[in-house]
Structure formats: structure tokens, C-alpha cells
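This report refers to the structure that appears directly beneath it.
Quick caveat, the model's predicted, so the values are computed rather than measured.
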Amino acid sequence: MKKYTLILFVLLLAGNARAQQYEKNILGVRAGLNVSKLAVSAEDMRLSTGWRTGFHFAVSDQVLLTRKLPLYLETGVDFSSRGGKIALAQYGEVYRTTPRPFYLQVPLLVNCHFNVRNLLTIQPFAGIYGGVGLRGRMEFDYLGKEELFGDRGMLYRLDFGVRAGVGFTVKRIYLGISYDIGCMNQFKGTEFFGYETRVSEVKIQNDCLSVMIGYNF
């Protein structure tokens with residue numbers, strides 16, 4: 001079954017390549033909605049996490065890798081509002097906080113363009129991204145607001161993860177959906193809910209579902 005699927009995939013690529021000449025470079029702008037969550041684990045703490053909505057906007061650049069196949073290398077610059085909701089149950093009380101980090105990200109993706117009757121282009125993609133935290137605050141029910149980054153913040157600025165998704169282009173209008181899985185522990189070792197905590201005791205990672213609309217030039 002895998003063998004026949006691979007053969008079909010190659011035939012589709014070859015047919016598309018013969019049918020038209022693909023653009024060598026595609027610039028685009030994107031904007032959309034994030035639904036993000038912090039994957040948090042901590043020793044001896046009863047934690048629950050929830051999703052938070054945010055936003056993102058980006059500039060993308062797709063470069064054709066080969067003239068024979070519609071494969072593109074995509075990069076660009078993303079500005080992304082992320083975070084999540086965290087609740088800690090301790091001594092009969094429930095304490096809540098909402099981290100709100102804002103990142104600059106640079107993705108490195110490989111995507112493939114499947115043209116459907118010159119009306120629609122389907123673009124599945126996968127790759128990695130790197131990010132740096134620009135600013136961010138964490139709101140507590142009982143402690144007010146604290147900075148997420150910097151000397152007193154609990155998160156590292158650098159982030160790294162994997163990204164996969166699919167885009168659709170109709171007459172230069174772009175619609176897409178993607179999912180990011182954070183691969184770095186963001187916790188750098190400081191207070192967590194007012195408790196002095198070591199890095200080995202807490203693990204925080206970024207996960208994010210993004211829906212976007214844009215335009216390709």
C-alpha cells in the first residue's frame with residue numbers, strides 16, 4: 001500500500017510540473033488567530049492548563065527548490081501572541097495565572113504546491129521554527145502582574161519547535177492552518193506560583209494552533 005501511495009504521489013508531482021511553470025519566488029503577508037496552550041508539568045503540584053486566544057501576523061517568502069517539482073523552501077518573520085491558562089490546586093485553594101508571552105519567530109519549512117484545475121493550490125508544509133520572546137506578563141489572581149522574561153522572569157527568551165499544516169491559495173488569497181509543538185523547556189528556574197522551584201521540577205513548553213488568512217504577491 002505504501003508503495004502505491006508513493007507512486008501516485010510522484011505521478012501527481014510530475015503531472016503538475018508538466019502542466020505549468022511554477023513561480024520561483026512567492027512573497028506573502030499573513031494575519032490570523034492563535035489558540036495556544038502551555039504544556040506544564042511540575043513535581044508534587046496539582047496543575048491544570050487551559051487554552052488562550054491570541055493573534056499573529058507574518059511576512060513569508062517561498063523559494064522554489066527545483067524546476068522539476070513544485071517544492072518550496074519557506075521562511076519569513078512571524079510575530080505571535082501566545083500563552084495559556086494555568087491553575088494550581090494547593091491546600092484546598094485554587095490559584096490561577098495567565099501567562100501572555102509575545103514572540104518573534106523565524107520558520108524554516110518545506111511545502112509542496114498541488115494545483116487543482118488552475119483554480120486552487122493546496123500547500124501542505126512541515127518544518128521547524130525558532131523564536132525569541134520580546135515581552136510578556138503573567139497575571140495572578142492574588143499577586144498582580146509579573147514579567148515573564150528578563151532577570152526576574154520565569155521563562156527563557158529563546159524558543160524552538162516543530163510546525164506542520166496546510167495552506168490553500170485561490171487567486172492569490174491564502175488560507176491556512178498550522179500547529180506548533182514546542183520542543184524546549186522554557187522554565188529557567190525561579191519562583192513558580194510563589195514557590196522557589198528548580199528547573200528539574202518544572203517543565204513548560206509552547207503549543208499553538210494557528211488559523212490565518214493572507215495574500216501572495
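Scanning for side chain to side chain contact (heavy atoms under 4.5 Å, CB included) contacts around Y215 gives V29, R172, I173, F217, with sequence neighbours left out. With sequence neighbours excluded, the residues forming a side chain to side chain donor-acceptor pair (under 3.5 Å) with S81 are R52, listed by chain and number. For I213, the side chain to side chain contact (heavy atoms under 4.5 Å, CB included) test picks out L175, with sequence neighbours left out.
Side chains of Y156 and N185: a donor-acceptor N/O pair is absent below 3.5 angstrom, by distance only. With 3.5 Å as the limit, one finds no donor-acceptor pair spanning the side chains of H56 and D78. With hydrogens and angles left out, the side-chain atoms of S36 and D207 include no donor and acceptor closer than 3.5 Å.
V110 and F168 fall within a single hydrophobic cluster, where Ile, Leu, Val, Met, Phe, Trp and Tyr side chains are chained together by heavy-atom contacts under 4.5 Å. Transitive grouping of hydrophobic side chains (ILVMFWY, heavy atoms separated by less than 4.5 Å) keeps L109 and Y179 in distinct clusters. Taking hydrophobic clusters as Ile, Leu, Val, Met, Phe, Trp and Tyr residues chained together by side-chain heavy-atom distances below 4.5 Å, L155 does not share a cluster with F102.
Counting only heavy atoms from C-beta outward, the side chains of N34 and L209 never approach each other to under 4.5 Å. Side-chain contact between T169 and N216 is present, with at least one heavy-atom pair separated by less than 4.5 Å. Between E146 and M154, the closest side-chain pair of non-hydrogen atoms is not below 4.5 Å. No side-chain heavy atom of V116 sits less than 4.5 Å from a side-chain heavy atom of T121. At least one side-chain heavy atom of L134 sits less than 4.5 Å from a side-chain heavy atom of F79. A 4.5 Å side-chain heavy-atom check between Y72 and E23 finds at least one atom pair inside the cut-off. Residues I128 and F160 have side chains in contact (heavy-atom distance under 4.5 Å, counting atoms from C-beta outward).
Listed by first and then second residue, the salt bridge (charged side-chain N to carboxylate O under 4.0 Å, His left out) pairs involving residues 99-123 are R100-E139 (not counting sequence neighbours). Sorted by first and then second residue, the salt bridge (charged side-chain N to carboxylate O under 4.0 Å, His left out) pairs with a member in residues 173-182 read R82-D180, R163-D180; sequence neighbours excluded.
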What side-chain donor-acceptor pairs closer than 3.5 Å can you find for residues 57-64, not counting sequence neighbours?
residue : atom : partner : partner atom : Å
S60     : OG   : R30     : NH2          : 3.4
D61     : OD1  : N25     : ND2          : 2.8
Q62     : OE1  : N111    : ND2          : 3.1
Q62     : OE1  : H113    : NE2          : 2.8

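Between E147 and R137 there is a salt bridge, with a side-chain nitrogen of the basic residue lying less than 4.0 Å from a carboxylate oxygen of the acidic one.
The structure places OH of Y174 at 5.5 Å from CE of M212, a figure rounded to the nearest 0.5 Å.
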